[in-house]
Amino acid sequence: METPGLVVYGEAATFSTALRSLVNNPLYSDVRFVVGQERQEVFAHRCLLACRCNFFQRLLSSEPGPGVPSPVVLSTVPAEAFLAVLEFLYTNSAKLQRHSVLEVLTAAVEYGLEELRELCLEFVGKALDVELVCEALQVAVTFGLEQLQERCVAFIESHSQETLRTRGFLELSAPALLPLLRSDKLCVDEAELVLAARSWARVGAAVLERPVAEVAAPVVGELRLALLAPAELSALEEQNRREPLIPVEQIVEAWKCHALRRGDAARGTSCRRRRGTLPREHHRFLDLPFKGPVP
């Protein structure tokens with residue numbers, strides 16, 4: 001009886017190093033990419049990409065013609081991120097950097113590389129800070145990465161004031177800003193949140209060349225104006241006349257909560273205090289289920 005064969009393994013590190021030397025190496029390469037806005041030329045090997053990734057298998061399915069094949073243009077992925085993807089495809093490992101990991105994550109999602117996606121998500125979770133979190137939230141919302149979105153929102157809830165001052169906050173899309181404005185756990189007062197929403201809308205209006213109120217329309221309904229004191233609400237109303245941000249009807253509803261001074265009329269999200277809401281005299285008429293002192 002013939003003895004069953006035995007699978008033996010050589011040194012993994014040596015094998016990985018040899019394959020890594022082929023990343024972006026024109027030697028024996030049979031496909032060229034032009035990637036990113038900088039249009040960097042990157043060399044690769046068709047058979048390896050095709051066997052490792054269905055996206056590239058489809059992309060490279062046609063046979064190269066005679067002579068030097070035309071480059072494959074991938075303008076939306078930055079060169080650094082694309083090279084990290086190639087390194088993973090060649091060696092099953094990649095060196096991730098904090099400044100580019102979200103671009104690698106985006107490429108991994110778009111190319112269907114589940115294992116690389118999970119490695120990026122793990123890295124982002126460990127690297128999350130005030131400067132990174134809004135960019136990460138935007139990626140999470142764009143690609144439906146629910147666990148990352150929840151993690152980002154929880155981080156912002158605990159670091160609300162610092163996050164509202166970042167450039168990343170100002171660059172959030174409306175769908176990414178909504179889960180923040182709907183949160184009861186933001187550690188920020190409503191007056192500051194209104195100012196942050198106005199700054200966000202101004203930036204969006206400048207970029208999109210649209211009126212501030214139009215840009216703000218999808219999100220301002222989540223601002224809890226009834227939490228503001230009468231003097232603050234009056235000041236907001238006056239500023240709103242000069243620079244429309246909030247629908248007049250929403251301000252009128254906030255005044256109704258003040259005028260009625262009854263808890264049964266104040267039930268609902270629009271009057272519910274957040275974790276960072278500063279105490280105001282009229283709050284005792286609002287949010288009846290809340291029994292403790294205003295934080």
Side-chain angles (χ1 to χ4, degrees), residues 35-37 53-55 74-85 87-89 94-188 192-193 196-197 199-201 203-204 207-208 215-223 269 274-276:
V35 298
Q37 297 301 313
C53 176
N54 289 335
F55 171 85
L74 297 173
S75 59
T76 60
V77 56
E80 184 177 356
F82 187 72
L83 287 170
V85 170
E87 182 182 6
F88 179 79
L89 293 177
K95 185 176 182 180
L96 299 176
Q97 304 282 356
R98 181 188 172 281
H99 69 272
S100 60
V101 64
L102 294 176
E103 293 165 339
V104 179
L105 172 59
T106 297
V109 172
E110 291 178 339
Y111 300 163
L113 297 171
E114 297 294 326
E115 188 176 3
L116 180 57
R117 186 192 73 168
E118 293 305 311
L119 292 172
C120 289
L121 288 172
E122 182 180 355
F123 183 96
V124 171
K126 294 177 180 177
L128 211 57
D129 61 17
V130 169
E131 295 300 326
L132 184 65
V133 67
C134 285
E135 294 179 56
L137 175 60
Q138 184 61 64
V139 171
V141 171
T142 299
F143 294 104
L145 304 173
E146 293 183 4
Q147 288 187 338
L148 178 59
Q149 177 176 329
E150 291 172 2
R151 189 159 191 168
C152 290
V153 170
F155 183 94
I156 294 171
E157 287 170 343
S158 299
H159 303 82
S160 305
Q161 291 185 331
E162 304 98 309
T163 303
L164 295 184
R165 301 188 188 105
T166 64
R167 177 179 175 180
F169 173 80
L170 297 176
E171 294 177 347
L172 287 173
S173 67
L177 181 56
L178 275 174
L180 298 181
L181 296 184
R182 289 171 176 164
S183 172
D184 294 341
K185 298 179 181 179
L186 289 178
C187 291
V188 63
E192 292 183 65
L193 202 54
S199 296
W200 170 85
V203 170
V207 172
L208 300 172
V215 171
V219 302
V220 291
E222 303 300 330
L223 294 173
T269 303
R274 305 181 196 268
R275 182 186 292 167

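At least one donor-acceptor pair under 3.5 Å links the side chain of Gln37 to the backbone N or O of Ser75. When atom types are taken as modelled, the side chain of Ser183 and the backbone of Leu180 share no donor-acceptor pair closer than 3.5 angstrom. Judged by distance alone, the side chain of Ser100 and the main-chain N or O of Glu103 form no donor-acceptor pair under 3.5 Å.
Of all the heavy atoms in Val153 and Pro179, the pair that sits closest is CG2-CB, 4.3 Å. Nearest heavy atoms, Ala107 versus Val85: CB-CG2, 3.8 Å. Shortest non-hydrogen contact noted between Leu181 and Arg274 is O-NH1, 2.9 Å. For the pair Val141 and Ala176, the tightest heavy-atom approach, listed with the atom from each and the gap, is CG2-CA, 3.9 Å. Closest non-hydrogen pair, Phe143 versus Val109, comes out as CD2-CG1, 3.5 Å. Counting all heavy atoms, side chain and backbone alike, Ala201 lies closest to Val215 at O-CG1, 4.0 Å.
Taken from CZ in Phe155 to CG in Leu137, the straight-line distance is 12.0 Å, to the nearest 0.5 Å. One finds the NZ atom of Lys185 at 6.5 Å from the CZ atom of Arg275 (value rounded to the nearest 0.5 Å). Taken to the nearest 0.5 Å, the CG atom of Leu96 stands 10.0 Å off from the CD atom of Glu122. Note that OG1 of Thr166 and CG of Leu172 are 7.5 Å apart. Values are rounded to the nearest 0.5 Å.
Residues Leu102 and Leu105 form a side-chain contact, since some pair of their non-hydrogen atoms from C-beta on lies under 4.5 Å apart. Using a 4.5 Å cut-off on side-chain heavy atoms (C-beta onward), Phe169 and Leu177 make contact. You'll find the side chain of Thr106 stays beyond 4.5 Å of the side chain of Thr76, heavy atoms only. Two residues are said to be in side-chain contact when any heavy atoms from C-beta on lie closer than 4.5 Å; Ser199 and Val203 fail this criterion.
Here salt bridge (charged side-chain N to carboxylate O under 4.0 Å, His left out) pairs that include residues 105-120, with residues two or more places apart or in two chains, are Glu114-Arg117. Applying the side chain to side chain donor-acceptor pair (under 3.5 Å) test to every pair with at least one member in residues 145-155, sequence neighbours left out, gives no pairs at all.
A side-chain N or O of Ser173 and one of Gln138 form a donor-acceptor pair less than 3.5 Å apart.
Ring geometry for Phe82 versus Tyr111: interplanar angle over 60°, hence perpendicular rather than tilted (30 to 60°).
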Inset, instruction - Output, in order, the C-alpha distance, side-chain angles, deciding distance and verdict of side-chain contact (heavy atoms from CB on, under 4.5 Å) for Val104 and Leu119. - result: CA-CA 10 Å; Val104 179; Leu119 292 172; over 6 Å; no
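Just one residue in the list Leu128, Asp129, Leu164, Val130 forms a side-chain contact (heavy atoms from CB on, under 4.5 Å) with His159, and that residue is Val130.
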